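What follows is a single structure, written as structure tokens, with notes after it.
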Protein chains: 4
Amino acid sequence: MAGVNKVILLGNLGADPEVKHLEGDKVVANLRLATTEAYKDKSGNRVENTEWHDLELWDGQARIAEQYLKKGMQLYVEGKIKSDTWQDEQGNNRKRTKIRVLSFTMLGGRPDNAGSPQSNTGAYTGSTQSMPSTSVPAGPADDDDLPF
Amino acid sequence: MAGVNKVILLGNLGADPEVKHLEGDKVVANLRLATTEAYKDKSGNRVENTEWHDLELWDGQARIAEQYLKKGMQLYVEGKIKSDTWQDEQGNNRKRTKIRVLSFTMLGGRPDNAGSPQSNTGAYTGSTQSMPSTSVPAGPADDDDLPF
Amino acid sequence: MAGVNKVILLGNLGADPEVKHLEGDKVVANLRLATTEAYKDKSGNRVENTEWHDLELWDGQARIAEQYLKKGMQLYVEGKIKSDTWQDEQGNNRKRTKIRVLSFTMLGGRPDNAGSPQSNTGAYTGSTQSMPSTSVPAGPADDDDLPF
Amino acid sequence: MAGVNKVILLGNLGADPEVKHLEGDKVVANLRLATTEAYKDKSGNRVENTEWHDLELWDGQARIAEQYLKKGMQLYVEGKIKSDTWQDEQGNNRKRTKIRVLSFTMLGGRPDNAGSPQSNTGAYTGSTQSMPSTSVPAGPADDDDLPF
DNA sequence: TTTT
DNA sequence: TTTT
């Protein structure tokens, strides 16, 4: 039966992409994305809850991720849930879930703290001059196919 | 930073709900939902790929799940990704991901095989007389609040 | 600025598709889809609210719609909002909004009322033998590319 | 039949909110949101396509919109399609479609053009000091319920 | 472990 | 005009 498996995330990157160039021109990028929700508990105190997502991008998208995505940037992502299952050395069934990204849109990053000491973490600080803001669909994306 | 963490699934239940009644009127239901995608590979052969999702419902929704959901039924689900992290006995960091259901809609099940031998698995067979078709939002849902 | 314009619908077809074959192998299909929500008002009465959506499909998808979709069928749809604007004869600005379908999944229809008099409306009655249940993505979809 | 009618938008406000305070503490805010997609046509030229959406927010959300939303701001929106139908003076059936907002998240705005002449349009220019970044759900939202 |  |  045909089904639907769709994930929509909007959050910030916890680190620069980890990119591996495989044989045969294949490229895979792994990202850590944090989505935070805030609410007030019964006592009226503001509570923050952060969920970390493991994202996986392939080929054309992985190359764009490698080139443009940086720790701290804000990202809108569409994808699907994909899990690996295996047996560990103890013979236990194990499962790891990640998000296979199908398209993403760069939204910006944390604001530039003008005047304050710059961190040296390499994190993206929102200078939009150097970042193309675009949507990156899946598919055989040569750089020539990019809309920017 | 406020973010978005949204999951949309449409698939079939692999088993009847597992429901636990906890102290203080709390109820939790766990479901296994399969989403299947079909495509043709390069050789033109039809390939099927099934992803299994662990769903978690609480309280009012859990009670409805307990009452109406059955193995084999088709479900539309909205929710969010939620993971538990812990250390196992070996001291390894472990993570388990599930879908916290925020609303769901019962769509039906596999059609009643009239004339063919009925399975005795207790699986739902699509007899719509006994199933209310409705959308079940989150919240303090007494049975009185249900729209059917 | 790259943005997101996404619509997700799950409802029933109010009529058979209206299909036009245009010059140059172009095909367009128009569908009417009803999405119904039910709730209880303050007095506790069950209220139903139906929204009608104008869907537009092109080419490969339009051909599949023409071949398989029927009045009454239940459909899951992903697409985007697209509006036409023009001036009418009185010089008033007019706007018409429709959903450009990017993918859809056939879910079934109202159950076959075995034994009861069949309506002669040509409406789909859920006999799954004749209907492939599949997801239909956008793109240059020859029938050969279909996963069923 | 319970259905799904869901819209997800990410775009920029074309104008400040238009807010009307009605009798009985009811408030309604209307917003114009632009979603832009960019692609390359067959000749390889970059093409931009902007869709304008009419958003409607009520009560608690409308009050927050009135207080914080400004022309130019970037917004993530979830809602549903809602159309009004009526007959005009000529007796023609007319239909107007809008998005009833169920939750939204403020993402920022167009970057502050430091050094360049400021426009006097009252548009939001991304100074994050004065803007709480949060998600605003539907419901009876007193200011006290806001998570910021 | 579901469904077609 | 659909569906329950």
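The structure presented is a predicted model; accordingly, all values stated were derived computationally and were not measured. A, B, ... follow the sequence lines: proteins, then strands. Residue 1 opens every chain.
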Separation of E:dT3 atom P from B:Asn49 atom CG, nearest Å, is 18 Å
C:Leu9 CG to F:dT2 C1', in whole Å, measures 14 Å
Practice task
Kindly check if the number of other-residue, nucleotide or ligand heavy atoms within 6.0 Å of CG (C:Asp25) is above 12?
Solution key: no
In whole angstroms, the gap separating P of E:dT3 from CD of B:Glu51 amounts to 18 Å
B:Leu69 CG to E:dT3 C1', in whole Å, measures 16 Å
Checking F:dT2, F:dT4, E:dT3 against the side chain of C:Arg46 (C-beta onward), the nearest is F:dT4
Pair of N/O donor and acceptor under 3.5 Å linking E:dT3 base with B:Thr50 side chain: no
Rounded to whole Å, CG of B:Leu33 lies from C1' of E:dT2 at a distance of 8 Å
Residues passing the side-chain contact (heavy atoms from CB on, under 4.5 Å) test with C:Ala34, sequence neighbours excluded, are C:Thr50, C:Trp52
Hits for side-chain contact (heavy atoms from CB on, under 4.5 Å) against C:Lys26, two or more places apart or cross-chain, chain-then-number order -> C:Leu22, C:Trp58, C:Asp59
Atom CE of B:Met106 and atom P of E:dT2 are separated, to the nearest Å, by 21 Å
Side-chain contact check for C:Thr36: nearest option of F:dT4, F:dT3, E:dT3 is F:dT3
When rounded to the nearest 0.5 Å, the distance separating CG of B:Leu9 from CG of B:Leu31 is 11.0 Å
Rounded to whole Å, OH of C:Tyr68 lies from P of E:dT4 at a distance of 17 Å
Between CH2 of B:Trp52 and C1' of E:dT2 the distance, given in whole Å, is 4 Å
